[in-house]
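Okay, so here's the structure we're looking at.
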Amino acid sequence: MSEKPWEGRFSEKTDTSVESFTSSIHIDKRLYKHDIEGSIAHCKMLAKVSVITEDESLLLIQGLSKIKRDIERGNFQFYDSLEDIHMHIEAALAQQVGKTAQKLHTARSRNDQVALDVRMYLRDEVTGIIKSLVELRKVIVDFAKLHMDVILPGYTHMQRAQPILLSHHLMAYYEMFSRDLERFKEGLKRINVMPLGSAALAGTTYPIDRDYTAKLLDFPKISTNSIDAVSDRDFIIEFLASASICMVHFSRISEELILWSSSEFGFIELSDAFSTGSSIMPQKKNPDVPELVRGKSGRVFGNLITLLTIMKSLPLAYNRDMQEDKEPLFETLDTLKACIDIYKKMLINKEVMKQATSTGFLNATDMADYLVTMGMPFRAAHNCAGKAVNYALNKNKELHELTLKELQTFSPLIKDDIFNALSTQHMIDRRKSFGGTSTENVTAAVRQAEKSLEEEIGYLKGDGNK
Ligand code: ARG
């Protein structure tokens with residue numbers, strides 16, 4: 001099918017193996033909408049500066065709009081020989097409007113065109129991800145609010161450490177996803193720069209109006225260096241890095257849900273709708289969703305490394321290597337969006353939270369703190385509580401199961417009120433330092449998060465995030 005735009009300079013036909021090797025149409029066809037929008041804006045600009053006539057511009061725009069409809073209706077043929085989406089649309093335009101189609105590419109190269117398309121595409125996708133992360137954070141906050149009374153053992157080194165509120169634990173993820181959201185928003189500023197008009201690499205001789213194109217395409221800024229504009233993929237790398245960090249968070253929460261749903265932990269039971277069974281072991285209920293999310297993080301990290309590696313030795317300006325940027329970008333986008341969506345649904349579906357047992361000497365620090373309030377220096381108190389733990393371990397008991405008499409053998413400072421200090425709820429509620437796990441703090445954190453989400457949701461509804 002079809003002539004190549006560069007045919008004039010060539011005397012031999014492209015080998016078919018080269019056509020299929022260099023073709024990227026199966027990947028970049030998803031840029032069609034943005035490619036067409038970019039071309040329409042380019043046409044309007046060319047007419048405005050009188051490089052083409054108004055009539056020509058209208059004809060081109062009609063043709064482009066028809067192609068968009070055809071693609072959307074599945075009425076469009078893709079061929080390897082036409083390499084990429086840009087050439088497909090140009091060729092289809094020639095069929096639609098004849099010779100005038102040849103004017104569309106005036107003052108433009110595929111190098112600045114592809115940079116424009118990816119920026120527009122990614123801008124839309126990141127805007128969607130930002131919305132979706134706001135919703136996920138809302139689900140987490142609602143969940144935390146609902147389970148304010150559930151106490152879990154907190155861990156360090158995977159050893160039971162101190163009791164915490166489950167809500168406090170979940171709000172830690174709220175914080176992580178809030179930082180992710182900020183990173184995506186921040187990156188959006190650098191995605192949102194209009195490169196068209198840089199042409200192949202050096203700019204163009206035509207009297208183009210780049211600001212006008214930018215205005216039509218809703219870009220707040222145009223690129224300032226044509227060489228950089230066609231060879232910059234930082235904005236993709238940055239997105240892949242932010243996505244990778246976000247996937248670290250998904251992978252960590254997944255790991256916890258997997259552990260917590262095991263009979264060894266027994267803290268939660270995943271809802272049936274989000275678990276699968278085993279084909280051989282009837283008793284099993286497997287946490288496949290969090291396992292797959294954890295597993296998929298590998299691809300996302302890999303995609304970041306892929307793009308860093310592609311870019312690291314490329315001389316300026318455009319090199320064909322850069323065509324390889326799209327597959328990792330699209331895969332990361334698809335994976336990240338899928339993970340956010342499944343988590344929103346899974347958390348709404350609410351796992352059954354069980355009160356975890358209060359065993360494991362979670363109150364040893366509190367015994368030490370109690371002794372400090374009774375006048376003992378902390379180091380000595382720590383030592384004293386350690387001895388009590390050792391004693392209780394030998395007796396196969398918890399600290400609060402020892403008698404007052406037994407406890408007093410470790411220090412005469414110990415009084416009857418120690419049992420209050422060793423109770424789980426008391427331990428939680430005394431951790432009032434800002435950012436700590438007390439019910440009061442966590443309730444305030446949830447309230448604060450609700451307030452900020454309300455503002456964010458209002459802002460998103462006003463579509464003020466561009
Ligand atoms: N398909 C190409 C890409 O994605 C478009 C740019 C091609 N430019 C060129 N000079 N061959 O990078």
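As the structure lists them, so they are numbered: ligands from 1, and atoms in each ligand from 1.
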Output, or 'none' if empty, a list of ligand 1-protein atom pairs in which both atoms are N or O and the distance is under 3.5 Å, rounded to 0.1 Å.
residue: ligand 1; atom: 1 (N); partner: Asp84; partner atom: OD2; Å: 2.8
residue: ligand 1; atom: 1 (N); partner: Gln323; partner atom: OE1; Å: 2.9
residue: ligand 1; atom: 4 (O); partner: Lys326; partner atom: NZ; Å: 2.6
residue: ligand 1; atom: 8 (N); partner: Asn111; partner atom: OD1; Å: 2.9
residue: ligand 1; atom: 10 (N); partner: Asn111; partner atom: OD1; Å: 3.1
residue: ligand 1; atom: 12 (O); partner: Tyr318; partner atom: OH; Å: 2.4

Salt-bridge test for Arg233 and Asp325: reply yes if a basic N is under 4.0 Å from a carboxylate O, no otherwise. yes

Taken in chain and number order and not counting sequence neighbours, the residues that satisfy salt bridge (Lys or Arg N to Asp or Glu O under 4.0 Å) with Lys296 are none

Any residue meeting salt bridge (Lys or Arg N to Asp or Glu O under 4.0 Å) with Glu37, in chain and number order, not counting sequence neighbours: none

Should Val118 and Phe235 be marked as a side chain to side chain contact (heavy atoms under 4.5 Å, CB included) after you check the CA-CA gap, both sets of side-chain angles, and the distance that decides it? CA-CA 10 Å; Val118 177; Phe235 65 100; 4.0 Å; yes

Asp117: what forms a side chain to side chain donor-acceptor pair (under 3.5 Å) with it, not counting sequence neighbours? His86

Within the 6.0 Å centroid threshold, strictly below: Phe76 and Tyr32: no

